[in-house]
Structure formats: C-alpha cells, structure tokens
Peer 1: 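So that we are looking at the same thing, I have put the structure below in structure tokens.
Every heavy atom of this structure was used, including side-chain atoms; hydrogens, water molecules and symmetry mates were not. Proteins come first, then strands; the chains are lettered A, B, ... in the order of their sequence lines, and each starts at number 1.
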Amino acid sequence: MEVVSVELTDFRNYEQQTIGFQPGLNLVVGLNGQGKTNLLEAIHALSVMGSHRAGQSAALVRHGQERALVRADGFSRSRPVHLDLEVKRSGGMRMLINKVPLERTRDAGTALATILFSPEDLALTKGGPEERRRFLDQIAVRLRPLAGQQRHEFERVLRQRNGVLKAAHSSATALATLDTWDEQLVRTGAAVVQARLDVLARLRPTAEKRHAEVAGSDRVPGFAYLAGWAPEIPDYESIPGLLEAAIKSSRSKDVERGVTTSGPHRDDLEIMLAGVEARTFASQGEQRSLALSLRLAERDLVAEARGEDPILLLDDVFSELDDTRREKLAELVFSSGQTVATATATAGIPLDAGRVIAVDGGRVTRDA
Amino acid sequence: MFTGPVQDLVEELSKLPGIGPKTAQRLAFHILKTEDVDAKRLAEAILEVKDKMRFCGKCFNVSTTELCEFCSDPRRDATLVCVVEEPRDIWAIEKTAEFRGRYHVLGGAISPIDGIGPDQLHISELIERLEPDGIKEIIVATNPNVEGDATAIYIARLIGPLGVEVSRISSGLPVGGDLEYADEVTLGRALEGRRRM
C-alpha cells in the first residue's frame, strides 16, 4: 500500500498544503520546528485515528482554527483509496473512507496501515513495563480484532475487582463477589496473556533478524515474557491454572492493599542484549537499535497478516545512527514498500531513487 | 441559561437517562409551546405512573397489582424462571413468544465501582422463591458484558449447589443476516461458543 498525495488544512503548523509522495523512500528534510514530524503525524493519524504524541486531538488543530483536515489519496491492495480525516478542536475525529463514514475507530487501519518509529519509541527498551505491554497488546489487536475486546474486558474486570477490594475496607459483605471476579479475571487475563505470548512467538525470530541487520553487531538480543504470577509458562493450557493459583495466594495481600497485586497487568517483556538486561546495561545507541528492530518486526508481522507492506514512517532515525547502521537501514527501507522518513539534512543518507521534500514553516519549499 | 420555571424544567429533564442539556432545552421549549391540555396529560401520566404502578411482590417486574401478570398467570410454568436485569428485558424476551416460564428482575447487575453488590439486587428474594415455587431451572439472561457475566457467575455459584439447574443464554450471531455483515468481535465470540452437531 502507499500514499500518493496528502492535503493538510489547518493541521498543526500547516495552513494549506498538498504534498506528493512516491513509492519507495520519501525524505522530509528541514530545520527543527518546521513541521517534519507533523507531516508523519498526519499520515499516521489516517491509520490509527489518533496521535502518537498528543493526548488531545485539539493539539492537532492549527492555532485559532476550529478544525483540521487531512485528505489523502493512495492505494490499498492495488485499489485506489481516498481518505478524509476531520479533527475537531472541541475533541474527536471523524474519518471517511472513499466518502463512506467510518463507524468504529478500531476499523481505521483497514484502508491504510502505518508503522511509526519515533524518538519516543526509545521507551520500548528504556521505559517502564507498561510501554512494552502496550506494544504487544497493540500488535495483538492488529493481527486479531477479538484481542482488543478481550483486553478491554480484562481491564474492566480488573477495575471491578479493585472496586471490591477497596469497598472491603468499609463494608463487611463487599467480599461476597470476590470469587466471581477472580473467575472472570482468570478467564479474561488468560486470553490477554495468550495473545501476548502468541505475538511474542511470531515477533521473536523476525526481531532477531532485523536487529542483526540494523545493529550490525553480533550481540544477540533476547526477548522473554516476564509474568510475576508464574516463573515459567510451559504452554497455553497451563495459563488459567497458574493465574488462578497466583490470584488465590495473593488474596489476603490484595484485600489489605485494596488493589490487585498480581496478574497480567503487572507483566513485562524483558529485552536482553548479549545476556544482560538492555534497559539497564545497554548503551543509548543499542537501546535505539533494539527499539527500531521491534518496530520493524511489527512491520513484518503486519505485512504478513495483510499480504502487503504497511507504510513505514521513520521520525528522525537516520541522524542517530552511525554510517554503517544508516546504510543498513537504507538498504532495508528500499526493499520494503513505501517509507516516509524525516531528517534535518540529506547528508550521509543514501538517496538513490528517493524523493526529497523540504519543509520550512509549515510549507513545502522544494519537492523533487 | 434561562431563569424561573423554564430553567427548572430544563434541569429536571436533563436528569433523565440519555438526555443531555441541549435535548433538555429542546424538550422544555417544546412543552412550553404545546397546548395546555397536552402538557397536563403529560404531567398526569408521570404522576399516575408513580402513584399506580408498583413492583411485583414476587419477581419485581412493574405491575399495577400485588403480583404481576406473569406471576399471577397459572398457565405459566412456575418451575422455570428467567432472571433479567431490568423490567424492560422481560418485554424483549416476551416478544420472542418462546418462553413460557416466569421471571425474576434483579434491578441491575453487580458492579462494585458503582457500589452495586448482591445486597443492592433482588438476589436473596430469588433464593427465597426457590423452594416455595418448586423452581427446577433458572436461565440467567443478564446482559452479555463483564458485569452481566459476573452476576450470572455469582448466581450460578449460589444456586447451583442447591440442586437447581442454572444456565446462561448464549451470545453470537443475529439470525437471518449474512455472516459477512457480522462484526469481527461478535463473529469471534460465535466461533468460541460453537456447538457440536
């Protein structure tokens, strides 16, 4: 799939601008604060109906305006597709695919799928467990829509169980339904864990391969699912039993603290490099390479599931890599569908057959 | 903002479920424009429903008499009881014309974050009905969501050991439609809950 042209109206610092893209590499260059990332954010919004860096959609609307529009023409499974995304300052987004309003946000990616790698993704290796849980959960939803519903149910059950535990401090009868919520927590939690393990099993080989390509080092990464409620998960069938036993044994602690202390909501994806924990022991450059290989592995899984390459959006990746890694990444980019990447300068970036889009103050000044 | 009686009416209307401030305003001005007799009829209907309607002493369905029309109907099977969250769910099941047993209205579903536990629902009254009514089977027809499921599990755990059969209505595909129009979540659920033929 690819995007051929994007028209921005009052989106971030763009007043009115149409930008053309070509298959393969598109490099967006410009000084800091000119709108390079904003352009990636707009394309990404067409796929997820959200922003990777703004909590509220109002931040996407140009100062003093009521609504922002992102219009795009492209191809999905070799068929032309037209997208209209409206972002209201008062909150909320509306999207039309080929002029037909989209009913559910979760269907946004059906027309255009993007994979975004941004500097914020360093949190995948460096940040807390919740970043890595979200990473696995989001891929699970991309591969299997039911996984989203299962995770939603798990979160709701968890909130209700915590409600019981909190009420137990003031009401003697509140604990009467705790068994019920435990049973539901095991059922929905097991589904969430199985979805994550499923994603990890498919992600692991391709992430290792991508890491060898991007990092160009023989330091081998390792990925392991860490569950505080089970030292080891031998197979999917054992998940409900293990989870049930752990929830039972931590019950008195849960009641005392008024919160569920053990379960899939506390799990982590441990990332190792050459046998040691990458979060603590890897260098910043190594952590970036690991995060990038995870996103590229996500790209591979989505490509496999959809039968076509998603659009790769790389925000400020090239500048952080040394020459050999940069060339490795460029090779990889040229062999994988359409890519839109940002950089402060073209220097050092292999650009054979790539398009350069120069932006300056929310305007495209050069397009060649 | 308006003042006096109009504002009072807007505020009262916006307390109703599903009515936001804008709809409340529209309704208030609509009432203001209607004939006196129509406005009076509306006011009387509201007063009358509070005055004359009550809840069935046995199943907590809405009723004008001590026992509701289902609990007092001898043709209905008293040993089979369908448990629902709200009285309006009874009407949904009645429309199917497939159920010939009686009902029990819980008045909601277990939801600890909203402060609703078994004590806030008519669950103990259901237990009290089991023996005098000779109930043999209970069908739990609470909503197919997390709270409805929790309520069903709670009731099954409570009543199952007493020798009464407890079942849960299944969820899945709408009948008569095309498979391709079903959303992925419902279709996924239907696959999960498939049955052997």
Side-chain angles (χ1 to χ4, degrees), chain A residues 90 102-107 109-110 140-192 194-195 254-255 258-260 305, chain B residues 20-22 83 85 106-127 140 142-161 166 168 170-173 179-194:
Chain A
S90 55
L102 191 72
E103 279 174 31
R104 294 170 309 201
T105 307
R106 71 163 190 259
D107 292 339
T110 50
V141 177
R142 290 191 116 159
L143 303 182
R144 213 163 53 90
L146 194 57
Q149 173 72 12
Q150 284 168 337
R151 178 167 169 230
H152 170 78
E153 282 182 8
F154 169 72
E155 278 163 5
R156 193 146 178 96
V157 169
L158 188 65
R159 281 225 317 275
Q160 293 284 21
R161 187 177 189 270
N162 288 340
V164 170
L165 295 169
K166 277 192 195 82
H169 289 276
S170 50
S171 149
T173 57
L175 289 176
T177 63
L178 194 55
D179 282 340
T180 303
W181 294 110
D182 285 0
E183 187 178 328
Q184 295 243 71
L185 196 69
V186 168
R187 183 179 62 78
T188 56
V192 168
Q194 185 175 330
D254 288 3
V255 172
V259 66
T260 304
Chain B
K22 279 193 179 152
V83 175
E85 290 184 19
L106 296 172
I110 294 173
S111 178
I113 48 178
D114 299 312
I116 300 172
D119 296 348
Q120 280 70 44
L121 304 173
H122 300 300
I123 291 179
S124 56
E125 290 90 340
L126 175 64
I127 309 287
V140 187
T142 49
N143 290 330
N145 55 30
V146 162
E147 290 75 19
D149 286 346
T151 311
I153 294 171
Y154 182 81
I155 290 173
R157 279 170 181 258
L158 209 61
I159 291 177
V166 183
R168 174 97 172 99
S170 60
S171 57
L173 295 172
L179 208 60
E180 59 171 329
Y181 289 127
D183 73 288
E184 310 87 329
V185 171
T186 305
L187 194 50
R189 266 293 138 74
L191 281 168
E192 261 182 1
R194 67 188 178 276

Peer 1: Please report the closest heavy-atom contact between B/P112 and A/G163, naming both atoms and the distance.
Peer 2: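 Taking B/P112 first and A/G163 second, the nearest heavy atoms are CB-C, 3.8 Å.
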Peer 1: Is it the side chain or the backbone of A/R104 that comes within 4.5 Å of chain B heavy atoms, both, or neither?
Peer 2: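 Just the side chain, heavy atoms under 4.5 Å.
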Peer 1: Within a strict 4.5 Å, meaning less than it, do heavy atoms of the A/R187 and B/D149 side chains meet?
Peer 2: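 Heavy-atom side-chain distance check passes, below 4.5 Å.
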Peer 1: In terms of heavy-atom pairs under 4.5 Å with chain A, which of B/A150, B/G117, B/G115, B/G188 leads?
Peer 2: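 Heavy-atom pairs under 4.5 Å are most numerous for B/A150.
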Peer 1: Which region of A/D179, side chain (C-beta onward) or backbone (N, CA, C, O), has a non-hydrogen atom less than 4.5 Å from a non-hydrogen atom of chain B, or is it both or neither?
Peer 2: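 When you check distances to chain B, atoms from both the backbone and side chain of A/D179 fall under 4.5 Å.
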Peer 1: Could you go through B/V146 and A/F154, starting from their C-alpha distance and side-chain angles, then the distance that decides it, and tell me whether this counts as side chain to side chain contact (heavy atoms under 4.5 Å, CB included)?
Peer 2: CA-CA 9 Å; B/V146 162; A/F154 169 72; over 6 Å; no
Peer 1: Is the shortest heavy-atom distance from the side chain of B/I110 to the side chain of A/W181 under 4.5 Å?
Peer 2: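 A side-chain contact under 4.5 Å exists here.
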Peer 1: Judged by atom type as modelled, is there a donor-acceptor pair below 3.5 Å linking the side chain of A/Q160 to the main-chain atoms of B/I113?
Peer 2: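 Looks like yes, one N/O pair under 3.5 Å.
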Peer 1: Heavy-atom cut-off 4.5 Å, strictly under: side chain, backbone, both or neither for B/D183 against chain A?
Peer 2: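 Its backbone and side chain both get close to chain A.
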Peer 1: Using a strict cut-off of less than 4.0 Å between a Lys/Arg side-chain nitrogen and an Asp/Glu carboxylate oxygen, indicate whether A/R159 and B/E147 qualify as a salt bridge.
Peer 2: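 Result for this pair is no, no salt bridge flagged.
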Peer 1: Below 4.5 Å from any heavy atom of chain B, which atoms of A/Q149 appear? Answer side chain, backbone, both or neither.
Peer 2: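 Contact with chain B involves the side chain of A/Q149 alone.
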Peer 1: At a 4.5 Å cut-off on heavy atoms, which part of A/A176 comes close to chain B: side chain, backbone, both, or neither?
Peer 2: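 Both the backbone and the side chain of A/A176 come within 4.5 Å of chain B.
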Peer 1: Side chain, backbone, both or neither: which part of A/T177 has a heavy atom under 4.5 Å from chain B?
Peer 2: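 Contact with chain B involves both backbone and side-chain atoms of A/T177.
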